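The shown structure was predicted, so the numbers you read here are calculated from the model rather than taken from an experiment.
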Amino acid sequence: MKKILIITILFVGLTKVDAQQLQTSVFYEMQSIIHNAGFAGLGENSFVGVNYRTQWANINGGPKTGTIYGSFALPKQKLGISGYAYSDKTGPTSRTGLSVSVAKHINLDNGAKLSIGIENRFQQFLIDQSKLSEYLGADPAIGNGNKSMQYNAGFGVAYTNKRLQLGVAVSQILQTRLDNYTGNLNRSQDARLYRHFYANGSYKINLDETMSMIPNFMVIYFPNAPTEFNVGTRFKYAEICWTGAALSFTGNVNLMFGLNVAKGFSIDYSFDVYNNPTSITNVNAHEFMLRYQIKK
């Protein structure tokens, strides 16, 4: 039974890498810098934060992702800088990395801005062979674990005004190779860090003097995998609290809320209900975010 579980976790981990090699968050509307370099320094305020996401919570070895991030505006230079460091683990596989983005801001009429950003990413992909050797032996497919640091780049364009936020981006443009294999067989394909394409947006609707509604969406396209579609809505009460929900086209549901516990400081939480695949039960996800907004 233990052997089956180990192999299953490895399969899930590698499948997760195939389906989506870069981490994401259900708080994509508030963390646009993770998906799009164009949003660097583009919000109303600079901010720093930390995020922790655990998926398949009741399965040992399920995906766990921790992220530290920040976004800062340099208005005199009409620039924005953002960055984040992350650790993403699934069973015996793990990814750690650092991303730094710089964006050029172009001021438009009525306070709107167009931003063009470039991302620089350094990532290390590891396979813990000690967790697999007992069951898989010296399999050349897992080889040396690819412990070297890989460089990649990204590009993004974003537009914002007082209510609207739109962005399109591509990450891992260079499609760096992951040279894990140590055997002597000829291969038709190499493992790579494939390009990810993103489109996201949101629109703020003021319902009254204190309440606002923010519908939002995120689309992630990755070659050889199903395109991810996510739509959601947040209801925000003044600068005190918010609640919302999101739905993926696969049928998974995210329930979220946030609370401003002190001036500029907020705590946010999301509970994900997995309805797909239907054969898997009681493997929901939790995500926590701490965030501090730096007033201009």
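For the residue pair Trp242/Asp268, the side-chain donor-acceptor check at 3.5 Å is satisfied. Side-chain contact check for Tyr151 and Asn120: at least one donor-acceptor pair (N or O, by modelled atom type) lies under 3.5 Å. Of the N and O atoms on the side chains of Ser32 and Gln165, at least one donor lies less than 3.5 Å from an acceptor on the other residue.
Under a hydrophobic-cluster definition in which Ile, Leu, Val, Met, Phe, Trp and Tyr are linked whenever side-chain heavy atoms come within less than 4.5 Å, directly or via other members, Val48 and Val261 are assigned to the same cluster. Hydrophobic clustering of Ile, Leu, Val, Met, Phe, Trp and Tyr side chains at less than 4.5 Å, counting indirect connections, keeps Ile81 apart from Phe39. Taking hydrophobic clusters as Ile, Leu, Val, Met, Phe, Trp and Tyr residues chained together by side-chain heavy-atom distances below 4.5 Å, Tyr221 shares a cluster with Val157. In terms of hydrophobic clustering, with Ile, Leu, Val, Met, Phe, Trp and Tyr side chains grouped at heavy-atom distances under 4.5 Å, Ile116 and Val168 are assigned to a common cluster. Under the 4.5 Å side-chain contact rule for hydrophobic residues, Leu247 and Met256 do not share a cluster.
To the nearest 0.5 Å, the span separating CG on Leu259 from OG1 on Thr243 amounts to 11.5 Å. In this structure, CZ in Phe288 is found 9.5 Å from OG in Ser270, a value given to the nearest 0.5 Å. With values rounded to the nearest 0.5 angstrom, Lys236 atom NZ is found 6.0 Å from Ser212 atom OG. The OG atom of Ser94 sits 13.0 Å away from atom NZ of Lys64, with the distance rounded to the nearest 0.5 Å.
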Residues Gln150, Phe122; criterion side-chain contact (heavy atoms from CB on, under 4.5 Å); working and verdict: CA-CA 6 Å; Gln150 305 286 342; Phe122 300 88; over 6 Å; no
Leu126 and Gln124: CA distance, side-chain angles, deciding distance, side-chain contact (heavy atoms from CB on, under 4.5 Å) verdict: CA-CA 6 Å; Leu126 297 174; Gln124 184 181 58; 3.8 Å; yes
Give the C-alpha distance, both sets of side-chain angles, the deciding distance and a yes or no for side-chain contact (heavy atoms from CB on, under 4.5 Å) between Tyr84 and Ile34. CA-CA 7 Å; Tyr84 60 93; Ile34 292 180; 4.2 Å; yes
One pair to check against side-chain contact (heavy atoms from CB on, under 4.5 Å): Phe47 and Tyr69. What are the steps and the verdict? CA-CA 8 Å; Phe47 57 84; Tyr69 60 90; 3.7 Å; yes
Counting only pairs under 3.5 Å, give me each side-chain donor-acceptor contact of residues 96-109, with atom names and distances, residues two or more places apart or in other chains.
residue: Ser99; atom: OG; partner: Glu119; partner atom: OE2; Å: 2.8
residue: His105; atom: NE2; partner: Ala40; partner atom: O; Å: 2.9

Below 3.5 Å, can you tabulate the donor-acceptor pairs from side chains in residues 199-208 to any protein atom, sequence neighbours excluded?
residue: Asp208; atom: OD1; partner: Thr210; partner atom: N; Å: 2.8
residue: Asp208; atom: OD1; partner: Thr210; partner atom: OG1; Å: 3.3
residue: Asp208; atom: OD1; partner: Met211; partner atom: N; Å: 2.6

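Heavy-atom minimum distance, Gly156 versus Asn36: CA-OD1, 3.2 Å. Scanning all heavy atoms of the two residues, the minimum distance from Asn260 to Ser266 falls at OD1-CB, 3.1 Å. Taking both residues in full, the closest heavy atoms of Thr93 and Phe125 are given as CB-CE1, 4.2 Å, listed atom of the first, atom of the second, then distance. Closest non-hydrogen pair, Thr67 versus Thr65, comes out as OG1-CG2, 4.0 Å. Closest approach of Leu42 to Ser71, counting heavy atoms only: N-OG, 4.5 Å. Counting all heavy atoms, side chain and backbone alike, Tyr198 lies closest to Met218 at CD2-SD, 4.2 Å.
Annotation: side chain to side chain donor-acceptor pair (under 3.5 Å) contacts of Tyr86 (sequence neighbours excluded): Arg121, Gln123. Looking at residues two or more places apart in sequence or on another chain, you find a side chain to side chain contact (heavy atoms under 4.5 Å, CB included) between Phe271 and Tyr269, Val273, Asn284, His286. Take Arg53 and apply the salt bridge (charged side-chain N to carboxylate O under 4.0 Å, His left out) test, not counting sequence neighbours, and it matches Asp272, Glu287. Residues that satisfy the side chain to side chain donor-acceptor pair (under 3.5 Å) test with Asn230, not counting sequence neighbours, are absent from this structure.
The closest donor-acceptor contact from the side chain of Ser46 to the backbone of Ala73 lies under 3.5 Å. Judged by distance alone, with hydrogens and angles left aside, the side-chain atoms of Asn110 form no donor-acceptor pair with the main-chain N or O of Ala112 at under 3.5 Å. Under the 3.5 Å distance criterion, the side-chain polar atoms of Asn152 are matched with a main-chain donor or acceptor of Leu174. Under a 3.5 Å cut-off, the side chain of Arg234 and the backbone N or O of Glu29 do not form any donor-acceptor pair.
Heavy-atom neighbours of Phe197 CZ from other residues, nucleotides or ligands within 6.0 Å: above the threshold of 12.
For Phe249 and Phe229, the distance between ring centers is under 6.0 angstrom.
Counting heavy atoms from C-beta outward, Leu164 and Tyr159 have side chains that approach closer than 4.5 Å. Side-chain contact between Lys76 and Leu74: absent, with no pair of heavy atoms (C-beta onward) separated by less than 4.5 Å. In this structure, Val50 and Tyr52 have side chains that are not in contact, with every pair of non-hydrogen atoms separated by 4.5 Å or more.
The aromatic rings of His196 and Phe222 sit tilted, their planes meeting at an angle between 30° and 60°.
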